[in-house]
Structures are given as structure tokens and as C-alpha cells.
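Working notes, beginning with the structure itself.
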Amino acid sequence: MWQQDTGEELHRKTRNMKYWLVKTESSTYSIDDLKKDKKTHWHGVRNYQARNFLKDMELGDLVLFYQSVNEPLGVSGVAKVVKIAYPDPSQFEKNSEYYEEKSSPKEPRWFCPDLKFSRKFKEIIKLADLKKEKDLMDMHLLKIGSRLSVQPVTEKEFDKIVKLAGNERD
DNA sequence: GCCAACGTTGGC
DNA sequence: GCCAACGTTGGC
């Protein structure tokens, strides 16, 4: 699958492909869950800055999957944007932990894109290893106190992390 | 489990 | 619109 995606190597130079990183706790939703589901709506983000980045995502953008809180911490794979952000349905569900009183279908506050499984790294790229890379030191993720759950990533940074993952597939 | 960093809330 | 209080995130 990843090999097929290398067709994108050429493709992405011809358009403004963007790269992102999303955080998730693996006990809540891991790359294996995404692999199993094949596709998911990235719901539940309740931070304005993160929301704005979700809305900036475009079809075909690639998204690094970072798992926080539970060891091992690090990047576990890649997902692809297959549907641009639309109103997050969970904000309207009274029983949901993501329910948002101040939202209405007419004036939705929170949005989510759909992400499709693209690749699981053979081994997780550990946070500690990311920190060792000079090329990555500007990543938002590595800034002290970074809590942003959706972040833009440069093409260079994305390529670097994919390179660290190697070409072997899980 | 601690705690620093940071976002949000709400009184003024 | 300031800012203190509070809640949450997330690495360690």
C-alpha cells in the first residue's frame, strides 16, 4: 500500500499537499484501531486552535499518528484525509462526553474530518528518538508544554519521520 | 502520582 | 478586556 502511495511522491509536488500530526491516547484509539476500522471520523477535538487546523485539512493530506500518555510514546503510523471537516456529530449527542451545550446544527462549534488508515510503522518512532533529531527540533510536538492535539508538520519533518520508520511495513 | 504548562471561565 | 481560579494535558 505504501509502495502504491509513492505515486504521490510526484503528485504532491504538483499541489499544495499538507502534513499534520494528531495526538491520541493509544488506550482510547490506537493505530491498530484505525487499521481495523480502515476509516474514522476524527471527533472529540475541543480546542479552538486544533479545530482550526482540522478545518484546514484537505483531501489527500497525510497525518502522523502520535500516541501520548501511554507508553511507548511516539509516532505509530500515518493516516490520510479522505473527507474534509464537517460538523462533529458528537457535539449534539446529549449523552456523549463530547456534548457541547453551546452548539446547534445551525451553528456548529466543532468539526471533524475523516481519516483513513494508510500505514502502521513496524516500530513506533519514540518521542525520545524524535527529540534526538536536529531536523525535528522545531516541531510543535517537541516544544515544552505542547498540548496542541492537532498540529501542522512540514514536509521535511514528515519525510524525516517516515524515513526514521524505514520502509518495512507492519 | 506529581506538577508545569497552558486553555478556559467568569467576576469585575 | 484583565486576570485569578480552575481544569486538563501529558511527560516524567
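Side-chain atoms are counted along with the backbone in the values below, which use heavy atoms only and exclude waters and symmetry mates.
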Check your understanding: Which heavy atom in Gln151(A) sits nearest to a heavy atom in Phe53(A), and how many Å separate them?
Key -> CA-CD1, 4.4 Å
Exercise for review: Could you tell me whether Ile84(A) atom CD1 has more than 12 heavy atoms of other residues or ligands within 6.0 Å of it?
Suggested key: no
**Study point:** Side-chain cluster (under 4.5 Å, hydrophobic types only) that Tyr98(A) belongs to, other residues
**Key:** none
Point to revise | Sub-4.0 Å heavy-atom contacts from residues 63-74 of chain A onto DNA chain C, ordered by number | key: Tyr66(A), Ser68(A), Val69(A), Leu73(A)
Revision key, fill the gap. Going by chain and number, the hydrophobic cluster around Ile144(A) (ILVMFWY, side chain to side chain under 4.5 Å) further includes none
Review point. Listed by chain and number, what are the side chain to side chain contact (heavy atoms under 4.5 Å, CB included) partners of His41(A), not counting sequence neighbours?
Key: His43(A), Tyr86(A), Pro89(A), Cys112(A), Asp114(A)
Check your understanding: Under the criterion side-chain contact (heavy atoms from CB on, under 4.5 Å), which of Leu73(A), Val153(A), Ile31(A) is the partner of Tyr66(A)?
Key -> Leu73(A)
Study note, to complete from the structure: What residues 94-104 of chain A contributes to the DNA chain B interface at heavy-atom separation below 4.0 Å is none
Practice item. For DNA chain C, note the earliest and the latest nucleotide, 5' to 3', having some atom under 4.0 Å of a heavy atom belonging to chain A. Key: dG7(C) to dC12(C)
Name each donor-acceptor pair under 3.5 Å that joins a side chain in residues 124-138 of chain A to protein atoms two or more places apart or in another chain, with its distance.
residue: Asp129(A); atom: OD1; partner: Lys132(A); partner atom: NZ; Å: 3.0
residue: Glu133(A); atom: OE1; partner: Lys160(A); partner atom: NZ; Å: 3.4

Exercise for review: May I have all residue pairs that pass salt bridge (charged side-chain N to carboxylate O under 4.0 Å, His left out) and include part of residues 41-57 of chain A, sequence neighbours excluded?
Suggested key: Arg46(A)-Asp88(A)
Check your understanding: Do the rings of Tyr29(A) and Trp42(A) sit parallel, tilted or perpendicular, given the 30° and 60° boundaries?
Key -> perpendicular
Review point. Can you name the residues that form a side chain to side chain donor-acceptor pair (under 3.5 Å) with Thr154(A), not counting sequence neighbours?
Key: Glu157(A)
**Study point:** Partner set under ring pair (Phe, Tyr, Trp, His ring centres under 6.0 Å) for Tyr48(A), not counting sequence neighbours
**Key:** Trp110(A)
Check your understanding: Any salt bridge (charged side-chain N to carboxylate O under 4.0 Å, His left out) pairs touching residues 93-112 of chain A, not counting sequence neighbours?
Key -> none
Check your understanding: Which residues in residues 138-146 of chain A have at least one heavy atom lying under 4.0 Å from any atom of DNA chain B?
Key -> Ile144(A), Gly145(A)
